[in-house]
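Contents: one structure, followed by commentary.
Whatever order the structure lists ligands and atoms in, that order sets their numbers, starting from 1.
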Amino acid sequence: MSEMNLVLLGPPGSGKGTQGERLQEDLRFPYYATGDILRAAVREQTALGREAKEYMDRGDLVPDEVIVGAIGERIDSPEAADGFILDGFPRTVPQAEALDAKLEQLGRVLNGVLLIDADDEEVARRLGGRRTCVENGHVFHVDFNPPKRDGVCDIDGSELVVRDDDKPDVIAHRLEQYHAKTEPLIEFYDHRSLLRRVDGGGSPEEVAAAIGRTLATLKLEAGGTV
Ligand SMILES: [Zn+2]
């Protein structure tokens, strides 16, 4: 059976997390949001988790090879034998190269990189319209999922606010960071013919359907090379 080893890319607000979780359910592959992996490795005190913690405790960035090691531990586990979905890593070209080297060591390859594309205007509309409840973090959206009463959480009646992350200048900064870091990565995977663009502009259902079609094509291609 051919594997389906995937990386998800996309700007903040592209619905990448939602789609990743859906994919996990549909494909029954583990979905690794990589920030979580590192935290889990630290919590479970694996060798790499302990190493990562040393950097974190000193206030240093955890080096790429340590992160790749932690991800390698997961990828090499039985749950990921038929495939996996990575989100949040790689973020840079050197990280992508480190991931390649690790996969090669494990005798595996990436089958595809899904870019859930949304332009800056769309991202600003999506993130800027979010309202989060102060008590429990329930999320609404002024256009897509409005609360029954303006500024009030449907679920617990607490106040809805714009999180700092969703304020216009912060959104602009996040987008800037995203473009600066991710564009070279998009090019990197495009050159390797791994990149598949999915229009992230539709509803979650429409985006999921587009991803499904893309994966079906990838599977055919993977089957064709065996
Ligand atoms: Zn609430």
Check: Looking at Tyr178, is Arg174 sitting on its ring face, NZ or CZ under 6.0 Å from the six-membered ring centre and within 45 degrees of the normal?
Finding: no

Margin query: Closer than 2.8 Å to the Zn ion (ligand 1), what protein N/O/S atoms do you find?
Written below: Cys133 SG, His138 ND1, Cys153 SG, Asp156 OD1, Asp156 OD2

Margin query: One thing to verify: whether Arg126 and Glu122 come together as a salt bridge, which I'm taking to mean a side-chain N less than 4.0 angstrom from a carboxylate O.
Written below: yes

Note to self: Test your reading of the model: is there a side-chain donor-acceptor pair from Arg197 to the backbone of Leu115, 3.5 Å cut-off?
What the structure shows: no

Next item on the list: Mind jotting down which residue pairs meet the ring pair (Phe, Tyr, Trp, His ring centres under 6.0 Å) criterion with at least one end in residues 44-95? Sequence neighbours excluded, please.
Entry: none

Check: Checking Arg196 side chain against Ser193 main chain: does a donor-acceptor pair fall under 3.5 Å?
Finding: yes

Notebook entry, point to check: Are Glu205 and Arg22 close enough for a salt bridge, meaning some N to O gap below 4.0 Å?
Noted result: yes

